[in-house]
Amino acid sequence: MTDTKATLAAIKARTKLPAICAPMFLVTGPEMVIAACKSGVIGSFPATNARTEDQLRDWIAQIDAAVGPADAPWAMNMITHTSYGRFDAELALVAEFQPGMVITALGGPHRVTDVVHGYGGLVFADVNSPRFARKALDKGADGLVLVCSGAGGHTGDYAMMPFIDEVRSFFDGPLIVGGGIGTGRAIKAVETLGADFAYLGTRFLATEESLINDAYRQMVWDSGMEDLIASRAITGALGNWMRASVEAAGLTPEDMAATAKIDFSQDMHNSAKAWKSVWSAGQGVGTVTGRETVAEVVAKLAAEYDAA
Ligand SMILES: Cc1cc2nc3c(=O)[nH]c(=O)nc-3n(C[C@H](O)[C@H](O)[C@H](O)COP(=O)(O)O)c2cc1C
């Protein structure tokens with residue numbers, strides 16, 4: 001069984017900054033995770049980014065070997081939706097390599113709790129509403145990731161401050177908060193609001209370690225929050241997409257007003273087609289303006305955090 005408070009304290013003690021380099025589809029690979037952990041923030045990645053089960057094993061082994069006890073820990077993000085075909089194989093790798101944190105998305109946390117609690121790890125459920133937060137806690141999550149309005153990838157509908165306040169009215173356990181956090185000052189602010197960790201995706205999206213191509217990188221550097229379109233058309237869930245990539249893909253405003261069907265039953269690399277042609281970023285995209293490594297981003301965040 002997991003001692004939640006002690007495990008959370010042990011994880012915090014290994015970080016220099018209360019922040020997580022958030023998992024990003026087709027963006028995060030082992031290099032980004034390792035660089036984040038070595039820089040002092042938790043590095044996480046979506047298991048689905050590895051094309052095959054063998055590649056996933058290689059990635060995890062590489063990360064596990066590189067990240068030592070003096071580094072921040074790494075975390076794995078898993079799709080737990082029942083239609084996701086690779087779930088059992090991914091869970092077996094979790095049991096084998098025992099990441100201290102597993103973050104579940106697009107499905108309930110209950111499918112992983114037995115395994116993760118069995119070795120003393122923590123299960124965080126990615127949620128975008130108080131209703132899903134309560135549901136995840138009922139299903140055994142130790143902690144929550146609140147994905148708020150303005151987040152990159154699949155975004156939330158709710159504003160960060162009231163979302164934290166409402167969840168804090170019924171939950172006093174481990175809390176991670178994401179959506180538009182792009183500076184050390186903002187990390188400090190969410191800590192003040194009651195979060196244990198800030199969850200930053202977009203701030204790391206265009207780093208040297210990112211798997212995106214240079215055109216995507218340039219678009220991130222050139223974009224601000226007004227250059228995004230929130231739409232359900234690409235994946236079925238509400239996502240923030242860069243307008244320039246939407247236009248380049250030939251999609252019209254009518255196309256973007258539609259809702260796509262959610263389906264993870266095919267291998268995720270089917271849906272990769274959409275993510276490869278239409279590019280996502282969150283409303284904090286204006287904080288990313290040029291070439292940086294993960295370590296440089298973390299150093300800036302740490303300086304801003306300390307100054308705040
Ligand atoms: C390009 C991109 C891809 C993402 N892919 C995933 C994903 O595969 N799984 C996931 O749980 N979250 C994904 N996210 C969301 C992030 O994990 C995180 O919730 C979000 O980036 C936080 O908001 P921010 O981008 O404003 O920092 C993605 C975000 C971006 C920008």
Side-chain angles (χ1 to χ4, degrees), residues 2 7 11 20-30 32-33 36-37 42-64 67 73-128 132-133 135-147 151-154 174 176 178 197 199 201 211 235-237 239 262-272 275:
T2 305
T7 308
I11 290 173
I20 299 173
C21 177
M24 291 179 277
F25 187 46
L26 305 183
V27 174
T28 326
M32 188 185 283
V33 176
C37 297
I42 294 166
S44 65
F45 73 104
T48 191
N49 275 2
R51 281 198 151 267
T52 61
E53 290 165 28
D54 284 345
Q55 188 182 42
L56 180 59
R57 166 180 288 282
D58 289 347
W59 281 18
I60 295 176
Q62 189 187 336
I63 293 166
D64 202 46
V67 175
W74 61 278
M76 196 163 101
N77 169 233
M78 291 178 70
I79 294 175
T80 53
H81 197 275
T82 45
S83 66
Y84 179 57
R86 221 167 68 181
F87 175 80
D88 291 336
E90 292 182 3
L91 189 61
L93 287 168
V94 165
E96 185 180 338
F97 287 92
Q98 308 191 346
M101 289 168 73
V102 170
I103 302 164
T104 63
L106 306 170
H110 54 291
R111 300 183 76 197
V112 309
T113 46
D114 279 354
V115 165
V116 178
H117 291 161
Y119 63 78
L122 292 177
V123 177
F124 286 82
D126 182 307
V127 298
N128 60 13
F132 280 124
K135 233 173 145 175
L137 294 170
D138 285 346
K139 290 188 169 187
D142 305 295
L144 300 169
V145 180
L146 307 187
V147 177
H154 289 150
I176 300 169
F197 292 102
Y199 207 50
L211 300 175
T235 63
I262 300 181
D263 180 13
F264 308 109
S265 55
Q266 307 299 318
D267 106 84
M268 272 299 275
H269 293 276
N270 248 0
S271 103
W275 288 79

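The structure displayed is predicted, hence computed values, not measured ones.
Contact record, Ile79 with Phe87: O-CD1, 3.6 Å, taken as the closest heavy-atom pair. Of all heavy-atom pairs spanning Cys21 and Ala36, the tightest one is CB-CB, 3.8 Å. Taking all atoms of both residues into account, the shortest heavy-atom contact from Ile11 to Pro73 is CG2-CG, 3.8 Å. Closest heavy-atom contact between Val102 and Val112: CG1-CG2, 4.3 Å. Here the shortest heavy-atom pairing between Arg51 and Gln55 reads N-OE1, 2.6 Å.
Atom CG of Leu211 sits about 7.0 Å away from atom CE of Met32, to the nearest 0.5 Å. Of the inter-residue distances, the one linking Thr48 atom OG1 with Tyr84 atom OH reads 3.5 Å to the nearest 0.5 angstrom. To the nearest 0.5 Å, the span separating CG on Asp58 from OG1 on Thr52 amounts to 7.5 Å. Within the model, atoms CG of Asn49 and CG of Leu26 stand 5.5 Å from one another, a figure rounded to the nearest 0.5 Å. Here the CG atom belonging to Leu106 is positioned 7.5 Å from the OG1 atom belonging to Thr80, to the nearest 0.5 angstrom. With values rounded to the nearest 0.5 angstrom, Trp59 atom CH2 is found 9.0 Å from Gln62 atom CD.
Scanning for side chain to side chain contact (heavy atoms under 4.5 Å, CB included) contacts around Ala75 gives Ile42, Ser44, Met101, Ile103, with sequence neighbours left out. Every residue two or more places apart in sequence or in another chain that forms a side chain to side chain contact (heavy atoms under 4.5 Å, CB included) with Leu56 is listed here: Phe45, Ala47, Ala50, Ile60, Arg86, Glu90, Leu93.
For residues 21-30, the set of pairs meeting the side chain to side chain donor-acceptor pair (under 3.5 Å) definition, not counting sequence neighbours, is empty. The list of salt bridge (Lys or Arg N to Asp or Glu O under 4.0 Å) pairs with a residue in residues 93-119, not counting sequence neighbours, reads Arg57-Glu96.
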Show every donor-acceptor pair shorter than 3.5 Å between a side-chain atom in residues 119-126 and any protein atom, with sequence neighbours excluded, or say none if there are none.
residue : atom : partner : partner atom : Å
Tyr119  : OH   : Pro99   : O            : 2.7

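At a threshold of 4.5 Å between non-hydrogen side-chain atoms, the residues Leu146 and Val127 count as touching. The shortest side-chain heavy-atom distance between His117 and Asp142 falls under the 4.5 Å cut-off.
Summarising the local packing, CZ of Phe132 is surrounded by 12 or fewer heavy atoms from other residues, nucleotides or ligands at distances under 6.0 Å.
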